[in-house]
**Q** 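Dumping the structure here so I can ask a few things about it.
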Protein chains: 2
Amino acid sequence: MTQLQRRKIPDAAIARLPIYLQILNNLAATNVLRFSSDELAALAGVNAAKVRKDLSYLGSYGTRGVGYEVTYLTHQIKRELGLMREWNVVVVGAGNLGCALAKFDGFLSRGFPVVAIVDNDPKKIGRTTSSLTVGDVNDLKNIVRDEKISIGVITTSSSASQAAADSLIDAGIKSILNFAPVVLSTPSSVSVRNVDLGVELQILSYFEQMRIETGGKSEGAPQLNTAGAR
Amino acid sequence: MTQLQRRKIPDAAIARLPIYLQILNNLAATNVLRFSSDELAALAGVNAAKVRKDLSYLGSYGTRGVGYEVTYLTHQIKRELGLMREWNVVVVGAGNLGCALAKFDGFLSRGFPVVAIVDNDPKKIGRTTSSLTVGDVNDLKNIVRDEKISIGVITTSSSASQAAADSLIDAGIKSILNFAPVVLSTPSSVSVRNVDLGVELQILSYFEQMRIETGGKSEGAPQLNTAGAR
DNA sequence: TTGACTTTGTGAATTAATGCACTAAGCCCT
DNA sequence: AGGGCTTAGTGCATTAATTCACAAAGTCAA
């Protein structure tokens with residue numbers, strides 16, 4: 001069977017598409033209809049050629065001499081990123097961070113409703129937080145099936161994070177967002193994104209230190225993250 | 001005056017040093033004294049040559065035929081990243097996320113005590129959350145000076161985030177960790193790291209979508225973030 | 001219709017990051 | 001002392017990402 005060949009988009013470009021998308025949303029909100037690569041580049045803080053190249057991976061959706069249409073390009077980016085539908089999310093770990101994320105608007109508003117939250121602590125199971133009742137991590141398999149969950153968010157302690165990942169994978173989850181400062185061991189078929197707040201602060205610390213050592217003459221830290229490399 | 005020339009370490013390597021550091025802490029906790037680049041590479045999920053190259057930017061701190069010493073290398077990485085001291089943090093935005101971060105162990109335990117939290121909402125100012133009283137964002141200048149704050153964390157709404165950044169910069173802050181899904185406009189002397197949870201989920205969504213379109217035959221998402229490029 | 005102007009899309013050059021493969025150094029055993 | 005073994009450090013080839021710079025393709029006004 002001849003599978004429709006999906007364009008191979010570089011990791012670095014994929015990591016920027018959500019940024020562009022977010023800017024396009026803002027433009028739409030202010031009734032802007034069209035924009036040029038120069039304008040988007042300025043708003044995103046990147047080079048205009050990079051914007052054009054990134055967008056060209058999606059197809060040839062601009063008009064020479066004119067620019068790009070906000071609504072049309074928004075649609076194309078969403079299609080490419082798989083954002084034409086919602087993806088249900090389960091939060092594993094009902095601590096401070098987990099509960100805050102379960103309530104967090106930013107998830108739902110971008111199409112990632114948190115439909116379940118689980119923990120392994122009997123004292124937490126059964127509690128209610130923002131219209132969700134904390135479930136048992138051992139029921140994850142059923143919860144994932146019943147709630148049609150695609151993405152797992154790990155907000156457990158470091159020590160529990162690998163077990164949480166194993167449970168998610170066992171339940172069939174293929175996409176994990178991990179907040180625990182641990183390198184998870186997972187099959188290569190599973191996508192893991194790590195958000196380690198300590199790491200981010202330590203990177204800032206490096207540049208802060210650098211400024212002190214060089215008497216403030218050094219540049220600031222780079223601002224954007226790429227999708228990186230495993 | 002001849003400034004001591006600080007080694008120029010590639011961004012990608014800097015972003016990995018905190019990961020190595022975290023693994024070294026785990027090794028120390030389990031009484032491991034020494035390790036080889038192969039072992040660290042396996043734990044960090046990267047190539048061994050990359051580990052050696054990354055560590056070589058710090059200096060020549062390994063012993064051929066033997067490996068690296070956990071405590072000594074830990075010290076060197078901390079020195080390089082500016083982690084021989086604590087850096088005080090202020091959280092701007094006392095919403096769900098802001099309050100959760102103010103309580104979050106991970107910050108203090110890695111040497112970034114949250115010593116103040118501020119908001120612009122009179123209804124929130126004066127409230128107490130985890131031994132901190134919410135201050136007024138307009139007092140930021142005094143707070144930053146009095147509390148010797150080096151890093152600002154922005155957890156406001158998108159619409160308030162640029163104003164929050166401006167206040168921080170005006171108060172002399174040079175390092176910002178931004179959780180709002182906005183590209184902040186800042187002088188190049190200021191370091192900004194963005195943590196956009198929506199972006200992370202959207203990247204996962206891309207690979208999830210890809211798996212569906214290719215019938216599950218595609219690889220997972222890359223796991224590590226580089227320091228990226230502005 | 002034509003010509004000036006704008007802006008995309010992309011080959012090609014450049015720069016950055018990665019990973020291989022080998023040399024240099026040290027340990028340990030006999 | 002010497003030979004075998006291990007592992008760091010690094011030059012070099014490769015791959016990925018970025019940026020330049022220009023041709024192609026459109027708009028618009030006269």
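These numbers come from a predicted model, not from an experiment. The chains referred to below are lettered A, B, ... by the order of the sequence lines, with proteins before strands, and numbering in each begins at 1.
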**Q** Under 3.5 Å, is there an N or O donor on one side and an acceptor on the other linking the side chain of Lys53(B) and the base of dT18(C)?
**A** no
**Q** Given atom NZ of Lys8(B) and atom C1' of dA17(C), what is their separation to the nearest angstrom?
**A**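 Atom NZ in Lys8(B) sits about 13 Å away from atom C1' in dA17(C).
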**Q** Pick out the pairs of N or O atoms, protein on one side and nucleotides 28-30 of chain D on the other, that lie under 3.5 Å.
**A**
none

**Q** Quick one about Gln209(B) and Glu213(B) (side-chain donor to acceptor, distance below 3.5 Å, no hydrogens or angles considered), yes or no?
**A**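 Per modelled atom types, Glu213(B) and Gln209(B) side chains form a pair under 3.5 Å.
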**Q** Quick check: do Gln202(A) and Leu83(B) have side-chain heavy atoms less than 4.5 Å from each other?
**A** yes
**Q** Would you indicate whether the side-chain heavy atoms of Ser205(B) and Met84(A) approach each other to under 4.5 Å?
**A**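 Contact flag for Met84(A)/Ser205(B) side chains = no.
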**Q** Can you check the Lys50(B) NZ to dT7(D) C1' distance for me, whole Å?
**A**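 So the NZ-C1' distance, Lys50(B) to dT7(D), works out to 20 Å.
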**Q** How are the rings of Tyr61(A) and Tyr72(A) set to each other: parallel, tilted or perpendicular (split at 30° and 60°)?
**A** perpendicular
**Q** Side chains of Ser175(B) and Arg211(A): is there a donor and an acceptor less than 3.5 Å apart?
**A** yes
**Q** Only one of Val153(B), Leu168(B), Val115(B) clears side chain to side chain contact (heavy atoms under 4.5 Å, CB included) with Val90(B); which?
**A**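 With Val90(B) as partner, side chain to side chain contact (heavy atoms under 4.5 Å, CB included) holds for just one option, Leu168(B).
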**Q** Counting heavy atoms from C-beta on, name the nucleotide in dT10(D), dA17(C), dA17(D) closest to the side chain of Asp11(A).
**A** dA17(D)
**Q** For residues 62-76 of chain A, which residues have at least one heavy atom under 4.0 Å from DNA chain C?
**A**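 Contacting residues: Gly62(A), Thr63(A), Arg64(A), Gly65(A), Val66(A), Gly67(A), Tyr68(A).
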**Q** I need the CG-C1' distance between Asn47(B) and dA16(D), as an integer number of Å.
**A**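 Roughly 15 Å, once rounded to whole Å.
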**Q** Calculate the interatomic distance between Leu33(B) atom CG and dC27(C) atom P; express it in whole Å.
**A**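 After rounding, the gap between these two atoms is 16 Å.
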**Q** Starting at atom CG of Leu58(B), determine the distance to atom C1' of dA8(D), rounded to an integer number of angstrom.
**A** 14 Å
**Q** Run the side chain to side chain contact (heavy atoms under 4.5 Å, CB included) test on Tyr57(A) and Lys8(A) for me, step by step, so that the C-alpha distance in whole Å, both residues' side-chain angles and the decisive distance to 0.1 Å come before the verdict.
**A** CA-CA 8 Å; Tyr57(A) 295 124; Lys8(A) 166 63 187 157; over 6 Å; no
**Q** Per the side chain to side chain contact (heavy atoms under 4.5 Å, CB included) rule, which among Val89(B), Thr155(B), Leu177(B) passes with Leu101(B)?
**A**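 Answer after filtering Val89(B), Thr155(B), Leu177(B): Thr155(B).
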**Q** Map Phe35(B) and Arg52(A) onto DNA chain D by nearest heavy atom, then report which one ends up closer to the 5' terminus.
**A** Phe35(B)
**Q** Choosing from dC20(D), dA8(D), dC20(C), which nucleotide comes nearest the side chain of Ser37(B)?
**A** dA8(D)
**Q** If you find the nucleotide of DNA chain C closest to Leu55(A) and the one closest to Asp54(B), which residue's nucleotide is nearer the 5' end?
**A**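 Its nearest nucleotide lies further toward 5', so the answer is Leu55(A).
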**Q** If you only use heavy atoms from C-beta on, which nucleotide in dA8(D), dC20(D), dT18(C) is closest to the side chain of Ser36(B)?
**A**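 The nucleotide sitting nearest to the side chain is dA8(D).
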**Q** Output yes when Glu200(A) and Arg193(B) qualify as a salt bridge under the 4.0 Å nitrogen-oxygen rule, no when they do not.
**A** yes
**Q** Calculate the interatomic distance between Glu39(A) atom CD and dT6(C) atom C1'; express it in whole Å.
**A** 12 Å
**Q** Would you kindly give the OH-to-P distance between Tyr20(A) and dT8(C), to the nearest whole Å?
**A**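 Computing the Tyr20(A):OH to dT8(C):P distance gives 13 Å.
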**Q** Let me know the distance between CG of Asp38(A) and P of dG9(C), rounded to the nearest Å.
**A** 13 Å
